[in-house]
Amino acid sequence: MKVDVLLGLQWGDEGKGKIVDVFTPKYDIIARFQGGPNAGHTLEFEGIKHVLHTIPSGIFRDDVMNLVGNGVVIDPVIFQGELDKLEPFKIDYKARLVISKKAHLILPSHRLLDAASEASKGKNKIGSTLKGIGPTYMDKTGRNGLRVGDIYSPNFKAKYDSLVEKHKSMLQRYPDFEYDLSEAEETWMAAIERLKELTAVDSEHYINDAIKAGKKILAEGAQGTMLDIDFGTYPFVTSSNTVTAGTCTGLGVAPTRIGNVIGIFKAYCTRVGSGPFPTELKDEVGERIRKEGFEFGATTGRPRRCGWIDIPALKYAIMINGASELSMMKADVLDNFESIRACTHYMINGERYDYFPYDVTGMEVVPVYENIKGWNCDTTKLSSFDDAPNELKSYVSYLEQKLDVPITVVSVGPDRTQTLENKH
Ligand code: GDP
Ligand code: IMO
Ligand code: MG
């Protein structure tokens with residue numbers, strides 16, 4: 001069997017959590033391969049909304065295993081909080097969840113470094129979620145990091161102390177940054193003890209044995225392609241590879257074992273945090289999308305920047321990921337629009353661009369739009385795409401023609417059931 005991948009094609013928050021939960025019954029294992037608690041993946045069913053940060057979005061389904069891969073960074077405190085929230089739902093997470101011994105740990109001092117670094121950047125700040133993601137991946141690539149497998153070692157405390165010492169000396173670069181680590185450290189160490197109650201595995205063997213045994217596996221991306229460390233709008237990105245290739249390194253899956261790549265995007269576009277966003281609407285239309293789409297961060301609560309769909313950015317993301325099918329999310333958010341718009345290319349200094357140029361600092365990127373007739377009716381109660389209004393069907397066909405990949409799912413609400421299959 002091959003490993004299917006589901007990932008975001010925009011700047012995150014496309015609705016990955018919802019769609020992974022919808023697809024989970026078709027799989028035996030759901031595996032996260034990168035990112036950490038900067039992610040906020042929302043699932044909704046039976047009138048209850050759940051937000052997951054580190055735990056894969058297959059956790060609510062029976063008979064499915066969930067794997068936190070080696071490419072993920074784990075904050076034990078946030079992780080415990082997530083597990084605690086599962087308790088009232090009687091989810092047997094100890095039986096359904098395994099974590100990679102090679103996943104790196106986010107220390108309280110990583111979070112301090114994240115905060116100090118962001119504060120020092122002033123108006124150039126990345127708009128990080130401040131979960132310590134950047135500093136943790138820096139220690140990983142700098143070969144200083146602590147991993148889940150280390151927590152069982154008798155030297156763990158010594159390794160921890162040595163890394164914290166290094167962080168303290170780094171924090172001296174920020175003389176105005178005040179901190180007190182002691183309380184956070186105590187909570188963190190207690191959370192490490194609870195982490196030991198879960199099963200830590202050699203995840204690359206776990207996943208490859210599962211592939212050999214014919215198990216169906218879905219890799220769940222976090223963030224989105226435009227936040228990828230290599231291919232996103234650098235430096236306004238996250239610190240991991242959010243693209244399909246990240247599955248290979250973040251789980252130990254060989255490229256020849258990758259199957260379907262499902263790219264997901266909103267019927268419009270959002271971004272949270274700083275950085276370029278050519279189709280951003282800073283007017284009442286953007287405000288309206290934010291309101292109708294309830295566009296506020298699932299992790300930080302920050303209002304998301306909103307704008308029209310950006311076809312050049314989507315084409316780029318499809319190319320980098322090799323997306324073989326697409327899911328279009330939040331179509332219902334545009335239900336009350338007489339007309340909508342799609343950006344087909346950009347103009348920069350009077351020149352046409354069909355892709356995002358290397359550096360847009362100080363440049364005015366002018367999006368060029370095509371106007372599209374809105375469907376202007378309620379889609380949230382549809383149970384079949386066949387019954388969708390013609391204008392929505394036309395929008396889907398228009399995007400399929402532009403993107404050259406089939407849109408197999410159209411989502412019309414946050415609930416599991418509000419998901420339409422577009423049969424081709
Ligand atoms: P993720 O990070 O990609 O999992 O996405 P988030 O959970 O951060 O943000 C997506 C938000 O949109 C969540 O609040 C979802 O409940 C919601 N959502 C997902 N799909 C739909 C949809 O089709 N329509 C509407 N209105 N909301 C949706
Ligand atoms: P999900 O998985 C949207 C953004 C932050 C910031 C930048 C770097 O829910 O789609 P970081 O905390 O990684 O240092 O922040 O990336 N960002 C996200 N935006 N959705 C996410 O995850 C994000 N994770 C990080 O806002 O601009
Ligand atoms: Mg999110």
Side-chain angles (χ1 to χ4, degrees), residues 6-22 32-45 48-54 56-57 72-73 75 106 110-111 113-115 117-118 121 125-138 220-229 232-240 242 264-268 270-277 289 291-305 327-335 378-380 382 409-420:
L6 183 138
L7 42 71
L9 298 178
Q10 295 165 320
W11 278 280
D13 303 328
E14 295 89 350
K16 298 175 290 292
K18 164 179 169 164
I19 241 29
V20 169
D21 170 61
V22 169
R32 275 279 303 272
F33 58 92
Q34 48 68 233
N38 49 348
H41 294 183
T42 315
L43 293 74
E44 236 180 277
F45 54 90
I48 303 174
K49 186 169 143 171
H50 306 269
V51 180
L52 298 168
H53 302 287
T54 328
S57 300
V72 176
V73 290
D75 182 327
I106 303 177
H110 283 131
R111 294 184 66 151
L113 284 166
D114 213 359
S117 159
E118 277 285 80
K121 285 193 162 115
K125 71 176 193 309
I126 310 289
S128 165
T129 59
L130 302 179
K131 303 294 178 200
I133 303 294
T136 305
Y137 279 113
M138 277 164 72
E220 171 180 2
Q223 290 78 57
T225 304
M226 301 309 282
L227 289 169
D228 180 89
I229 182 72
T233 47
Y234 194 88
F236 301 100
V237 293
T238 190
S239 298
S240 65
T242 61
I264 101 162
F265 64 97
K266 285 177 186 166
Y268 48 96
T270 65
R271 174 166 202 168
V272 60
S274 329
F277 179 7
I289 296 177
K291 205 163 146 257
E292 308 256 341
F294 197 68
E295 293 295 355
F296 296 89
T299 296
T300 58
R302 291 178 292 177
R304 295 177 183 144
R305 299 153 67 192
S327 297
M328 184 172 91
M329 310 302 290
K330 303 189 92 159
D332 57 297
V333 172
L334 303 179
D335 276 359
D378 181 9
T379 58
T380 58
L382 286 172
V409 166
V410 176
S411 175
V412 289
D415 194 87
R416 249 182 205 172
T417 55
Q418 293 171 301
T419 316
L420 310 175

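All values derive from a computational prediction rather than experimental measurement. Side chains are part of it too, since the values below use all heavy atoms of this structure and drop only hydrogens, waters and symmetry mates. We count ligands from 1, going down the list as the structure has it; atoms in each ligand are counted the same way.
- Ligand 1 has a nitrogen or oxygen under 3.5 angstrom from a nitrogen or oxygen of Lys16.
- The minimum heavy-atom distance between Lys16 and Leu7, with the atom names listed, is CD-C, 4.3 Å.
- Residue Lys18 approaches ligand 1 through these ligand atoms, each under 4.0 Å from one of its heavy atoms: 20 (N).
- Close approach to Gly413 involves these atoms of ligand 1, each under 4.0 Å from a residue heavy atom: 20 (N), 21 (C), 22 (C), 23 (O), 24 (N), 25 (C).
- Ligand-side atoms of ligand 1 in range of Met329: 20 (N), range being under 4.0 angstrom from any heavy atom.
- Among all protein heavy atoms, the one lying closest to atom 18 (C) of ligand 2 is Leu227 CD1, 3.6 Å.
- Looking at Asp13 against ligand 2, both its backbone and its side chain come within 4.0 Å, counting heavy atoms.
- Against a heavy-atom cut-off of under 4.0 Å, Gly17 is close to the following atoms of ligand 1: 4 (O).
- Between Ser274 and ligand 2, not a single N/O pair is under 3.5 Å apart.
- Residues Ala115 and Leu130 come closest through the heavy atom pair CA-CD2, 4.0 Å.
- Interatomic distance, CZ of Arg111 versus OG of Ser128, reported as 10.0 Å (0.5 Å rounding).
- If you look at Asp13 next to ligand 1, the close heavy atoms, those under 4.0 Å, come from the backbone and the side chain alike.
- Smallest separation of non-hydrogen atoms from Thr242 and Asp228: N-OD1, 2.8 Å.
- Given atom 6 (P) of ligand 1, the protein heavy atom at minimum distance is Gly40 O, 3.5 Å.
- Between Asn38 and the choices Thr238, Asp114, Thr54, the side-chain hydrogen bond (donor to acceptor under 3.5 Å, both in side chains) rule is met once, by Thr238.
- The ligand atoms of ligand 1 that sit less than 4.0 angstrom from a heavy atom of Ala298 are 8 (O).
- Under 4.0 Å from ligand 2, the heavy atoms of Val237 that appear belong solely to its backbone.
- Residue Gly127 places at least one N or O, backbone or side chain, under 3.5 Å from an N or O of ligand 2.
- Heavy-atom contacts of Ser411 reach the following atoms of ligand 1: 20 (N), 21 (C), 22 (C), 23 (O) (cutoff under 4.0 Å).
- Not a single N or O atom of Gly12, backbone or side chain, sits closer than 3.5 Å to an N or O atom of ligand 1.
- Considering backbone and side-chain atoms alike, Val272 places an N or O below 3.5 Å from some N or O of ligand 2.
- For atom 22 (O) of ligand 2, the closest non-hydrogen atom of the protein is Gln223 NE2, 3.4 Å.
- By the 4.0 Å N-to-carboxylate-O rule, Asp75 lies too far from Lys131 to be salt-bridged with it.
- Counting only protein N, O or S atoms, the number found under 2.8 Å from the Mg ion (ligand 3) is 2.
- Below 3.5 Å of separation, one finds an N or O of Gly40 facing an N or O of ligand 2.
- Here the CH2 atom belonging to Trp11 is positioned 8.5 Å from the CZ atom belonging to Arg305, to the nearest 0.5 angstrom.
- With Ser411 as the partner, the side-chain hydrogen bond (donor to acceptor under 3.5 Å, both in side chains) test is satisfied by one option alone out of Lys266, Lys18, Glu14: Lys18.
- Put simply, CE on Met138 and CG on Leu113 are 8.0 Å apart, with the number rounded to the nearest 0.5 Å.
- For the pair Ser128 and ligand 2, the shortest N or O to N or O distance falls below 3.5 Å.
- Annotation: Gly15 places an N or O atom under 3.5 Å from an N or O atom of ligand 1; distance criterion only.
- Within ligand 1, the atoms closer than 4.0 Å to a non-hydrogen atom of Val333 are 26 (N), numbered from 1 in the order shown.
- Within the 4.0 Å heavy-atom criterion, neither part of Phe236 lies near ligand 2.
- Contact annotation for Arg271 and ligand 2: no heavy atom of the residue comes within less than 4.0 Å of the ligand.
- Applying the 6.0 Å contact sphere to CZ of Phe296 captures more than 12 heavy atoms from other residues, nucleotides or ligands.
- Atom 13 (O) of ligand 2 has its closest protein heavy atom at Thr238 OG1, 2.6 Å.
- Contacts with ligand 2 closer than 4.0 Å are made by side-chain heavy atoms of His41 only, the backbone lying farther away.
- Between Gln34 and Gln223, the closest side-chain pair of non-hydrogen atoms falls below 4.5 Å.
- Taking all atoms of both residues into account, the shortest heavy-atom contact from Thr299 to Ala39 is OG1-O, 3.1 Å.
- No side-chain N or O of Ser57 forms a donor-acceptor pair with one of Asp21 less than 3.5 Å apart.
- Atom numbering of ligand 2 starts at 1 in the shown order; those under 4.0 Å from a heavy atom of Ile126 are 6 (C), 8 (C), 27 (O).
- In terms of polar-atom proximity, defined here as any N/O pair under 3.5 Å, Asn38 does make such a contact with ligand 2.
- Considering only non-hydrogen atoms, atom 9 (O) of ligand 1 lies nearest to Arg304 out of His41, Arg304, Glu14, Glu295.
- When only interatomic distances are considered, the shortest N/O to N/O separation between Thr129 and ligand 2 falls below 3.5 Å.
- Residue nearest to atom 12 (O) of ligand 1, selected from Arg416, Lys330, Glu220: Lys330 (by heavy-atom distance).
- The closest side-chain donor-acceptor pair between Tyr268 and Glu292, if any, does not fall under 3.5 angstrom.
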